[in-house]
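Here the structure comes first, spelled out in C-alpha coordinates, and everything after it is commentary.
If you're wondering where the values come from, they're calculated on a predicted model, not measured in any experiment.
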Amino acid sequence: MKRNAGRIILHVDMNSFYASVEVAFNPDLKGKPLAIGGRTEERKGIIVTCSYEARAIGVKAPMPVWQAKRICPELIVIPPNFERYRNASLAMFDLLREYTHLVEPVSIDEGYVDLTEYKTKDPVKIAGTIQTRLLEELSLPSSIGIAPNKFLAKMASDMKKPLGITILRKRELHEKLWPLSVGDMHGVGGKTAEKLHTIGVKTIKDLAEGNDIQLKQLLGINGERLKRRANGIDDRSVDPDSIYDFKSVGNQTTLPKNIINARQIEEALRKLAASVSARLKKKGVMGTRVFITIRYHDRRTITRSRKLDNPIVEADVLYSYAKQLFDKNWDGGAIRLLGITAQDLVEKEEAVKQLDLFSFEKDAKDEPLLHVIEKLNSRYGKGVIKRGMKVGRVVDNTNGTSFNKDFLQE
(Lines give C-alpha, C1' and ligand atoms only; values in the text may rest on other atoms or scores of the structure.)
Protein backbone atom coordinates (compact mmCIF):
# COMPACT_ATOMS: atom_id res chain seq x y z
CA MET A 1 0.00 0.00 0.00
CA LYS A 2 1.24 3.54 -0.73
CA ARG A 3 2.53 5.26 2.35
CA ASN A 4 0.71 8.48 1.35
CA ALA A 5 -2.60 6.75 0.70
CA GLY A 6 -4.27 8.13 3.84
CA ARG A 7 -5.50 5.85 6.57
CA ILE A 8 -4.38 2.26 7.05
CA ILE A 9 -7.14 0.18 8.62
CA LEU A 10 -7.08 -3.51 9.51
CA HIS A 11 -10.14 -5.65 10.04
CA VAL A 12 -9.16 -8.65 12.15
CA ASP A 13 -11.71 -11.46 11.90
CA MET A 14 -11.18 -14.64 13.89
CA ASN A 15 -11.84 -17.86 11.94
CA SER A 16 -14.59 -20.13 13.29
CA PHE A 17 -13.99 -18.51 16.66
CA TYR A 18 -15.97 -20.70 19.09
CA ALA A 19 -14.70 -23.90 17.50
CA SER A 20 -11.14 -22.55 17.38
CA VAL A 21 -11.25 -21.69 21.08
CA GLU A 22 -12.39 -25.22 21.87
CA VAL A 23 -9.53 -26.66 19.81
CA ALA A 24 -7.08 -24.37 21.62
CA PHE A 25 -8.47 -25.68 24.91
CA ASN A 26 -8.40 -29.31 23.78
CA PRO A 27 -5.81 -29.90 21.00
CA ASP A 28 -7.16 -33.46 20.50
CA LEU A 29 -10.02 -31.83 18.57
CA LYS A 30 -7.68 -30.35 15.95
CA GLY A 31 -8.44 -31.44 12.41
CA LYS A 32 -11.73 -33.10 13.38
CA PRO A 33 -15.25 -32.06 12.32
CA LEU A 34 -16.40 -30.03 15.34
CA ALA A 35 -19.59 -28.10 16.02
CA ILE A 36 -20.80 -25.93 18.87
CA GLY A 37 -24.48 -26.56 19.49
CA GLY A 38 -27.18 -25.65 21.95
CA ARG A 39 -29.26 -28.33 23.70
CA THR A 40 -27.12 -31.05 22.17
CA GLU A 41 -29.02 -33.75 24.03
CA GLU A 42 -32.32 -32.78 22.43
CA ARG A 43 -33.60 -33.22 18.90
CA LYS A 44 -34.38 -29.53 18.54
CA GLY A 45 -30.83 -28.35 19.33
CA ILE A 46 -29.16 -26.26 16.64
CA ILE A 47 -25.60 -25.71 15.42
CA VAL A 48 -24.23 -22.31 16.54
CA THR A 49 -20.96 -22.58 14.60
CA CYS A 50 -18.60 -25.26 13.36
CA SER A 51 -15.04 -25.88 12.27
CA TYR A 52 -13.91 -25.66 8.66
CA GLU A 53 -13.56 -29.46 8.60
CA ALA A 54 -17.27 -29.74 9.42
CA ARG A 55 -18.19 -27.04 6.91
CA ALA A 56 -16.37 -28.92 4.16
CA ILE A 57 -18.71 -31.87 4.74
CA GLY A 58 -21.83 -29.70 4.58
CA VAL A 59 -22.48 -28.80 8.22
CA LYS A 60 -23.47 -25.17 8.78
CA ALA A 61 -25.33 -22.92 11.22
CA PRO A 62 -28.16 -22.80 12.18
CA MET A 63 -28.69 -26.42 11.11
CA PRO A 64 -30.47 -28.73 13.61
CA VAL A 65 -28.04 -31.02 15.41
CA TRP A 66 -29.85 -34.15 14.22
CA GLN A 67 -29.51 -33.03 10.59
CA ALA A 68 -25.83 -32.20 11.04
CA LYS A 69 -25.19 -35.65 12.56
CA ARG A 70 -26.96 -37.26 9.63
CA ILE A 71 -24.71 -35.39 7.17
CA CYS A 72 -21.59 -36.05 9.24
CA PRO A 73 -21.98 -39.05 11.62
CA GLU A 74 -18.48 -38.48 13.04
CA LEU A 75 -19.33 -34.86 13.93
CA ILE A 76 -18.28 -33.89 17.47
CA VAL A 77 -20.91 -31.60 19.01
CA ILE A 78 -20.20 -29.80 22.26
CA PRO A 79 -22.21 -27.18 24.18
CA PRO A 80 -20.98 -23.55 24.16
CA ASN A 81 -18.74 -22.26 26.94
CA PHE A 82 -19.24 -18.49 26.81
CA GLU A 83 -16.87 -17.72 29.67
CA ARG A 84 -14.11 -19.49 27.75
CA TYR A 85 -14.93 -17.51 24.59
CA ARG A 86 -15.06 -14.25 26.51
CA ASN A 87 -11.61 -14.82 27.99
CA ALA A 88 -10.18 -15.68 24.58
CA SER A 89 -11.73 -12.54 23.11
CA LEU A 90 -10.27 -10.33 25.82
CA ALA A 91 -6.83 -11.87 25.22
CA MET A 92 -7.17 -11.27 21.49
CA PHE A 93 -7.99 -7.57 21.91
CA ASP A 94 -5.23 -7.15 24.51
CA LEU A 95 -2.77 -8.43 21.90
CA LEU A 96 -4.08 -5.99 19.28
CA ARG A 97 -3.72 -3.07 21.71
CA GLU A 98 0.01 -3.81 21.98
CA TYR A 99 0.31 -2.19 18.54
CA THR A 100 -1.97 0.82 19.00
CA HIS A 101 -4.70 2.12 21.30
CA LEU A 102 -6.88 2.62 18.21
CA VAL A 103 -8.61 -0.75 18.43
CA GLU A 104 -12.40 -0.96 17.99
CA PRO A 105 -14.09 -4.24 18.92
CA VAL A 106 -17.27 -4.81 16.94
CA SER A 107 -18.14 -8.28 18.24
CA ILE A 108 -16.64 -11.03 20.31
CA ASP A 109 -14.45 -12.21 17.42
CA GLU A 110 -13.71 -9.22 15.20
CA GLY A 111 -12.44 -5.68 15.40
CA TYR A 112 -10.80 -2.78 13.57
CA VAL A 113 -7.24 -1.54 14.09
CA ASP A 114 -6.01 1.85 12.84
CA LEU A 115 -2.33 1.59 11.86
CA THR A 116 -2.11 5.00 10.19
CA GLU A 117 0.57 6.09 12.67
CA TYR A 118 2.75 3.26 11.28
CA LYS A 119 2.89 4.70 7.74
CA THR A 120 6.66 4.49 7.77
CA LYS A 121 6.45 0.74 8.29
CA ASP A 122 5.02 -2.06 6.17
CA PRO A 123 1.35 -2.60 7.20
CA VAL A 124 1.30 -6.01 5.52
CA LYS A 125 4.25 -7.12 7.64
CA ILE A 126 2.54 -5.84 10.80
CA ALA A 127 -0.66 -7.67 9.86
CA GLY A 128 1.35 -10.84 9.29
CA THR A 129 2.99 -10.49 12.69
CA ILE A 130 -0.41 -10.03 14.35
CA GLN A 131 -1.82 -13.06 12.57
CA THR A 132 1.19 -15.19 13.52
CA ARG A 133 1.09 -14.13 17.16
CA LEU A 134 -2.65 -14.83 17.44
CA LEU A 135 -2.02 -18.32 16.11
CA GLU A 136 1.15 -19.10 18.05
CA GLU A 137 0.33 -17.44 21.39
CA LEU A 138 -3.44 -18.01 21.56
CA SER A 139 -3.82 -20.88 19.04
CA LEU A 140 -6.47 -18.83 17.25
CA PRO A 141 -6.52 -18.50 13.44
CA SER A 142 -7.61 -15.23 11.86
CA SER A 143 -8.13 -13.46 8.56
CA ILE A 144 -7.10 -9.83 8.15
CA GLY A 145 -8.23 -7.21 5.67
CA ILE A 146 -6.08 -4.13 4.96
CA ALA A 147 -7.64 -1.05 3.37
CA PRO A 148 -7.92 2.75 3.60
CA ASN A 149 -11.25 2.56 5.45
CA LYS A 150 -13.35 0.30 7.65
CA PHE A 151 -15.81 -0.89 5.00
CA LEU A 152 -13.13 -1.99 2.55
CA ALA A 153 -11.12 -3.61 5.34
CA LYS A 154 -14.17 -5.62 6.37
CA MET A 155 -14.81 -6.73 2.78
CA ALA A 156 -11.13 -7.64 2.37
CA SER A 157 -11.03 -9.86 5.47
CA ASP A 158 -13.90 -11.92 4.04
CA MET A 159 -12.12 -12.58 0.76
CA LYS A 160 -9.70 -15.23 2.01
CA LYS A 161 -10.52 -17.58 4.87
CA PRO A 162 -9.05 -19.13 6.88
CA LEU A 163 -5.69 -17.49 7.62
CA GLY A 164 -5.84 -14.94 4.82
CA ILE A 165 -4.35 -11.47 4.53
CA THR A 166 -5.96 -9.39 1.80
CA ILE A 167 -5.26 -5.83 0.65
CA LEU A 168 -8.12 -3.89 -0.96
CA ARG A 169 -7.25 -0.54 -2.51
CA LYS A 170 -9.82 1.88 -3.90
CA ARG A 171 -8.34 1.57 -7.38
CA GLU A 172 -9.05 -2.18 -7.23
CA LEU A 173 -12.80 -1.86 -6.64
CA HIS A 174 -13.73 -2.64 -10.25
CA GLU A 175 -11.63 -5.79 -10.16
CA LYS A 176 -12.10 -7.24 -6.65
CA LEU A 177 -15.31 -5.75 -5.28
CA TRP A 178 -17.73 -4.75 -7.99
CA PRO A 179 -18.17 -8.20 -9.60
CA LEU A 180 -19.51 -9.59 -6.30
CA SER A 181 -23.22 -10.11 -5.73
CA VAL A 182 -24.84 -7.20 -3.90
CA GLY A 183 -25.94 -9.72 -1.26
CA ASP A 184 -22.26 -10.36 -0.46
CA MET A 185 -21.73 -6.73 0.50
CA HIS A 186 -21.29 -5.89 4.16
CA GLY A 187 -24.36 -3.98 5.34
CA VAL A 188 -26.73 -5.57 2.79
CA GLY A 189 -28.98 -8.19 4.35
CA GLY A 190 -31.19 -10.67 2.58
CA LYS A 191 -34.28 -8.45 2.54
CA THR A 192 -32.33 -5.43 1.33
CA ALA A 193 -30.77 -7.52 -1.45
CA GLU A 194 -34.24 -8.65 -2.54
CA LYS A 195 -35.41 -5.03 -2.71
CA LEU A 196 -32.36 -4.04 -4.75
CA HIS A 197 -33.01 -6.89 -7.16
CA THR A 198 -36.42 -5.36 -7.97
CA ILE A 199 -34.69 -2.32 -9.49
CA GLY A 200 -32.09 -4.34 -11.35
CA VAL A 201 -29.26 -4.01 -8.82
CA LYS A 202 -27.65 -7.45 -8.82
CA THR A 203 -23.96 -6.71 -8.26
CA ILE A 204 -22.01 -4.26 -6.13
CA LYS A 205 -21.11 -2.46 -9.37
CA ASP A 206 -24.82 -2.01 -10.11
CA LEU A 207 -25.21 -0.43 -6.68
CA ALA A 208 -22.15 1.80 -7.12
CA GLU A 209 -23.65 3.13 -10.37
CA GLY A 210 -27.25 3.13 -9.13
CA ASN A 211 -29.70 6.00 -9.52
CA ASP A 212 -29.65 8.20 -6.41
CA ILE A 213 -33.35 9.03 -6.46
CA GLN A 214 -34.38 5.43 -7.07
CA LEU A 215 -32.15 4.14 -4.24
CA LYS A 216 -33.49 6.74 -1.81
CA GLN A 217 -37.08 5.92 -2.69
CA LEU A 218 -36.37 2.23 -2.15
CA LEU A 219 -34.17 2.30 0.96
CA GLY A 220 -34.37 5.84 2.32
CA ILE A 221 -31.15 7.37 3.63
CA ASN A 222 -29.61 3.89 3.77
CA GLY A 223 -29.67 3.77 -0.04
CA GLU A 224 -27.31 6.74 -0.25
CA ARG A 225 -25.04 5.27 2.42
CA LEU A 226 -24.80 1.89 0.68
CA LYS A 227 -23.99 3.51 -2.66
CA ARG A 228 -21.16 5.44 -1.02
CA ARG A 229 -19.82 2.20 0.48
CA ALA A 230 -20.03 0.46 -2.91
CA ASN A 231 -17.84 3.25 -4.27
CA GLY A 232 -15.31 2.67 -1.50
CA ILE A 233 -16.26 5.77 0.49
CA ASP A 234 -16.34 5.40 4.28
CA ASP A 235 -15.20 8.20 6.59
CA ARG A 236 -15.89 6.45 9.90
CA SER A 237 -13.02 6.52 12.36
CA VAL A 238 -11.79 3.59 14.43
CA ASP A 239 -13.33 4.39 17.81
CA PRO A 240 -12.02 2.49 20.87
CA ASP A 241 -14.87 3.87 22.98
CA SER A 242 -17.61 2.43 20.77
CA ILE A 243 -17.82 -0.65 23.04
CA TYR A 244 -19.64 1.58 25.49
CA ASP A 245 -22.24 2.59 22.91
CA PHE A 246 -25.32 0.44 22.87
CA LYS A 247 -28.82 1.06 21.58
CA SER A 248 -30.48 -2.09 22.82
CA VAL A 249 -30.27 -4.91 25.31
CA GLY A 250 -31.99 -8.15 24.37
CA ASN A 251 -32.10 -11.87 24.82
CA GLN A 252 -33.62 -14.71 22.85
CA THR A 253 -33.93 -18.41 23.42
CA THR A 254 -34.53 -21.42 21.22
CA LEU A 255 -37.19 -23.53 22.93
CA PRO A 256 -36.48 -27.22 23.71
CA LYS A 257 -39.41 -28.17 21.50
CA ASN A 258 -42.05 -26.49 19.38
CA ILE A 259 -44.68 -25.22 21.81
CA ILE A 260 -48.22 -23.87 21.69
CA ASN A 261 -48.94 -24.17 25.42
CA ALA A 262 -49.76 -20.69 26.79
CA ARG A 263 -48.28 -21.40 30.24
CA GLN A 264 -44.95 -22.53 28.77
CA ILE A 265 -44.85 -19.48 26.52
CA GLU A 266 -45.53 -17.17 29.47
CA GLU A 267 -42.77 -18.88 31.47
CA ALA A 268 -40.28 -18.38 28.63
CA LEU A 269 -41.25 -14.70 28.27
CA ARG A 270 -40.87 -14.12 32.02
CA LYS A 271 -37.38 -15.64 32.03
CA LEU A 272 -36.36 -13.50 29.06
CA ALA A 273 -37.78 -10.36 30.69
CA ALA A 274 -35.89 -11.14 33.92
CA SER A 275 -32.63 -11.59 31.98
CA VAL A 276 -33.03 -8.35 30.02
CA SER A 277 -34.03 -6.45 33.17
CA ALA A 278 -30.96 -7.69 35.06
CA ARG A 279 -28.63 -6.54 32.28
CA LEU A 280 -30.37 -3.16 31.96
CA LYS A 281 -29.86 -2.58 35.68
CA LYS A 282 -26.25 -3.69 35.47
CA LYS A 283 -25.65 -1.11 32.73
CA GLY A 284 -27.63 1.60 34.53
CA VAL A 285 -29.97 2.19 31.60
CA MET A 286 -33.69 2.01 30.85
CA GLY A 287 -35.61 1.15 27.69
CA THR A 288 -38.15 3.33 25.93
CA ARG A 289 -39.21 0.73 23.36
CA VAL A 290 -40.01 -2.99 23.70
CA PHE A 291 -39.27 -5.32 20.79
CA ILE A 292 -40.25 -8.99 20.51
CA THR A 293 -39.24 -11.78 18.15
CA ILE A 294 -41.42 -14.80 17.39
CA ARG A 295 -40.06 -17.61 15.24
CA TYR A 296 -42.41 -20.42 14.31
CA HIS A 297 -41.62 -24.11 13.74
CA ASP A 298 -41.40 -23.50 9.99
CA ARG A 299 -38.75 -20.76 10.57
CA ARG A 300 -41.23 -18.02 9.71
CA THR A 301 -40.20 -15.06 11.86
CA ILE A 302 -42.04 -11.90 12.88
CA THR A 303 -40.81 -8.93 14.89
CA ARG A 304 -42.94 -6.27 16.55
CA SER A 305 -42.18 -3.28 18.75
CA ARG A 306 -43.96 -0.68 20.83
CA LYS A 307 -42.83 2.82 21.83
CA LEU A 308 -43.39 3.52 25.53
CA ASP A 309 -44.48 6.72 27.27
CA ASN A 310 -42.02 6.19 30.14
CA PRO A 311 -38.63 4.45 30.36
CA ILE A 312 -38.79 1.01 32.00
CA VAL A 313 -36.33 -1.37 33.61
CA GLU A 314 -38.26 -3.72 35.94
CA ALA A 315 -38.78 -7.31 34.80
CA ASP A 316 -42.51 -7.44 35.51
CA VAL A 317 -43.17 -4.25 33.50
CA LEU A 318 -40.99 -5.45 30.65
CA TYR A 319 -42.81 -8.78 30.67
CA SER A 320 -46.20 -7.06 30.67
CA TYR A 321 -45.47 -5.03 27.53
CA ALA A 322 -43.81 -7.98 25.78
CA LYS A 323 -46.78 -10.21 26.60
CA GLN A 324 -49.20 -7.63 25.19
CA LEU A 325 -47.21 -7.51 21.95
CA PHE A 326 -47.08 -11.29 21.84
CA ASP A 327 -50.83 -11.76 22.43
CA LYS A 328 -51.60 -9.23 19.72
CA ASN A 329 -49.41 -10.86 17.09
CA TRP A 330 -49.27 -14.61 17.82
CA ASP A 331 -51.29 -16.57 15.27
CA GLY A 332 -51.52 -19.69 17.44
CA GLY A 333 -48.82 -21.61 15.56
CA ALA A 334 -46.14 -23.72 17.21
CA ILE A 335 -43.21 -21.57 18.35
CA ARG A 336 -39.50 -22.42 18.02
CA LEU A 337 -37.86 -19.24 19.33
CA LEU A 338 -38.80 -16.21 21.45
CA GLY A 339 -36.93 -12.98 22.06
CA ILE A 340 -37.35 -9.76 24.04
CA THR A 341 -35.30 -6.60 23.50
CA ALA A 342 -35.35 -3.21 25.23
CA GLN A 343 -34.49 -0.53 22.68
CA ASP A 344 -33.84 3.22 22.49
CA LEU A 345 -31.96 3.12 25.77
CA VAL A 346 -31.42 6.11 28.06
CA GLU A 347 -29.11 6.49 31.04
CA LYS A 348 -31.05 5.89 34.22
CA GLU A 349 -30.09 9.21 35.79
CA GLU A 350 -31.14 11.00 32.62
CA ALA A 351 -34.46 9.22 32.20
CA VAL A 352 -37.24 11.75 32.48
CA LYS A 353 -40.46 10.21 33.68
CA GLN A 354 -43.66 11.61 32.27
CA LEU A 355 -45.79 11.88 35.39
CA ASP A 356 -49.41 10.90 35.05
CA LEU A 357 -52.40 10.83 37.38
CA PHE A 358 -51.51 7.37 38.71
CA SER A 359 -47.80 7.87 39.30
CA PHE A 360 -47.86 11.40 40.70
CA GLU A 361 -48.81 10.45 44.25
CA LYS A 362 -46.03 7.86 44.53
CA ASP A 363 -43.45 10.22 43.05
CA ALA A 364 -44.53 13.01 45.37
CA LYS A 365 -43.81 10.78 48.39
CA ASP A 366 -40.27 10.27 47.10
CA GLU A 367 -39.59 13.99 46.69
CA PRO A 368 -37.96 14.57 50.14
CA LEU A 369 -35.54 11.66 49.57
CA LEU A 370 -34.69 12.84 46.08
CA HIS A 371 -34.05 16.35 47.43
CA VAL A 372 -31.52 15.00 49.95
CA ILE A 373 -29.76 12.94 47.28
CA GLU A 374 -29.58 15.99 45.00
CA LYS A 375 -27.99 18.10 47.76
CA LEU A 376 -25.38 15.41 48.53
CA ASN A 377 -24.49 14.97 44.88
CA SER A 378 -24.23 18.74 44.47
CA ARG A 379 -21.84 19.03 47.42
CA TYR A 380 -19.70 15.93 46.97
CA GLY A 381 -19.99 15.19 43.28
CA LYS A 382 -22.43 13.47 40.91
CA GLY A 383 -23.04 9.84 41.71
CA VAL A 384 -21.68 9.92 45.28
CA ILE A 385 -25.04 8.53 46.37
CA LYS A 386 -27.90 7.08 44.37
CA ARG A 387 -31.25 5.69 45.23
CA GLY A 388 -31.37 1.93 44.87
CA MET A 389 -27.59 1.50 44.90
CA LYS A 390 -26.62 -2.00 43.73
CA VAL A 391 -24.85 -4.23 46.25
CA GLY A 392 -22.79 -7.04 44.76
CA ARG A 393 -22.93 -8.27 41.19
CA VAL A 394 -26.02 -8.82 39.10
CA VAL A 395 -26.09 -12.48 38.15
CA ASP A 396 -27.94 -13.55 35.06
CA ASN A 397 -28.39 -17.31 34.90
CA THR A 398 -30.96 -17.23 32.12
CA ASN A 399 -30.03 -19.33 29.11
CA GLY A 400 -30.22 -17.58 25.80
CA THR A 401 -28.23 -15.72 23.19
CA SER A 402 -26.94 -12.18 23.64
CA PHE A 403 -25.63 -10.06 20.80
CA ASN A 404 -24.20 -7.28 23.00
CA LYS A 405 -20.61 -6.33 23.77
CA ASP A 406 -21.00 -7.10 27.50
CA PHE A 407 -18.02 -9.45 27.33
CA LEU A 408 -15.71 -6.51 26.62
CA GLN A 409 -16.58 -4.62 29.79
CA GLU A 410 -15.20 -5.80 33.11
Side-chain angles (χ1 to χ4, degrees), residues 187 189-192 195 216-226 242-253 262 265-296 300-333 335 337-364 366 370 386-388 394 396 398 400-406:
K191 291 183 178 180
T192 300
K195 290 181 180 180
K216 188 170 184 180
Q217 288 178 338
L218 185 70
L219 302 175
I221 193 171
N222 193 41
E224 178 184 356
R225 181 182 66 85
L226 290 175
S242 70
I243 62 172
Y244 303 107
D245 299 335
F246 45 88
K247 298 179 181 179
S248 66
V249 170
N251 215 9
Q252 63 183 29
T253 183
I265 292 172
E266 290 177 5
E267 181 181 355
L269 288 173
R270 286 190 185 278
K271 287 182 177 180
L272 288 169
S275 170
V276 174
S277 173
R279 289 171 49 225
L280 287 170
K281 291 177 180 178
K282 184 177 180 180
K283 292 175 179 290
V285 294
M286 306 177 75
T288 60
R289 180 182 293 274
V290 174
F291 179 98
I292 67 165
T293 301
I294 305 172
R295 181 173 299 159
Y296 293 98
R300 180 168 47 94
T301 303
I302 66 166
T303 57
R304 297 291 185 272
S305 67
R306 172 180 175 178
K307 182 70 176 176
L308 308 178
D309 293 330
N310 298 319
I312 64 172
V313 71
E314 297 299 332
D316 57 345
V317 181
L318 188 59
Y319 164 77
S320 177
Y321 282 117
K323 182 65 163 55
Q324 290 174 28
L325 277 172
F326 176 84
D327 290 341
K328 185 176 180 180
N329 294 284
W330 182 36
D331 65 6
I335 297 174
L337 175 147
L338 287 170
I340 296 178
T341 300
Q343 296 182 321
D344 299 342
L345 305 185
V346 293
E347 297 288 341
K348 189 173 182 180
E349 59 266 27
E350 297 177 3
V352 179
K353 187 174 182 182
Q354 304 297 321
L355 300 181
D356 57 29
L357 180 64
F358 301 101
S359 65
F360 178 80
E361 184 178 353
K362 179 180 182 300
D363 292 330
D366 291 338
L370 296 176
K386 297 180 182 179
R387 184 182 179 196
V394 177
D396 173 19
T398 305
T401 303
S402 165
F403 297 96
N404 263 288
K405 300 176 184 176
D406 302 356

Just verifying a value: how many Å separate [X] [atom1] and [Y] [atom2], rounded to the nearest 0.5 Å?
X    : Y    : atom1 : atom2 : value
L272 : N251 : CG    : CG    : 6.0 Å
L345 : M286 : CG    : CE    : 10.5 Å
T301 : L337 : OG1   : CG    : 7.5 Å
L226 : L219 : CG    : CG    : 6.5 Å
R295 : R300 : CZ    : CZ    : 12.0 Å
D316 : R270 : CG    : CZ    : 8.5 Å

At their closest point, which heavy atom of [X] faces which heavy atom of [Y], and how far apart are they?
X    : Y    : answer
K323 : L269 : CD-CD1, 3.9 Å
V285 : V313 : O-CG2, 3.7 Å
A315 : S277 : N-OG, 3.2 Å
G250 : R279 : O-NH1, 2.8 Å

Do L338 and I292 pass the side chain to side chain contact (heavy atoms under 4.5 Å, CB included) test, and can you show the C-alpha distance, the side-chain angles, and the key distance before you say yes or no?
CA-CA 7 Å; L338 287 170; I292 67 165; over 6 Å; no

For a side chain to side chain contact (heavy atoms under 4.5 Å, CB included) check, start with the C-alpha distance between R225 and N222, then their side-chain angles and the critical distance, and finish with the verdict.
CA-CA 5 Å; R225 181 182 66 85; N222 193 41; 2.5 Å; yes

Going through the distances and angles, do R304 and K328 end up as a side chain to side chain contact (heavy atoms under 4.5 Å, CB included)?
CA-CA 10 Å; R304 297 291 185 272; K328 185 176 180 180; over 6 Å; no

Contacts of F326 that satisfy ring pair (Phe, Tyr, Trp, His ring centres under 6.0 Å) - sequence neighbours left out:
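Listed in chain order: W330.
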
Without swapping roles, check the side chain of [X] against the backbone of [Y] for a donor-acceptor pair under 3.5 Å.
X    : Y    : result
T293 : G339 : no
Y296 : D331 : yes
S305 : V290 : no

For E267, all residues meeting salt bridge (charged side-chain N to carboxylate O under 4.0 Å, His left out), sequence neighbours excluded:
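Counting only residues at least two positions away or on another chain, E267 forms a salt bridge (charged side-chain N to carboxylate O under 4.0 Å, His left out) with R263, K271.
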
Flag if over 12 foreign heavy atoms under 6.0 Å of CD, E266
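Result for CD/E266: enclosed.
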
Would you say that more than 12 heavy atoms from the other residues, nucleotides or ligands in this model lie under 6.0 Å from the NZ of K307, or not?
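Yes, the 6.0 Å shell around NZ holds more than 12 heavy atoms from other groups.
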
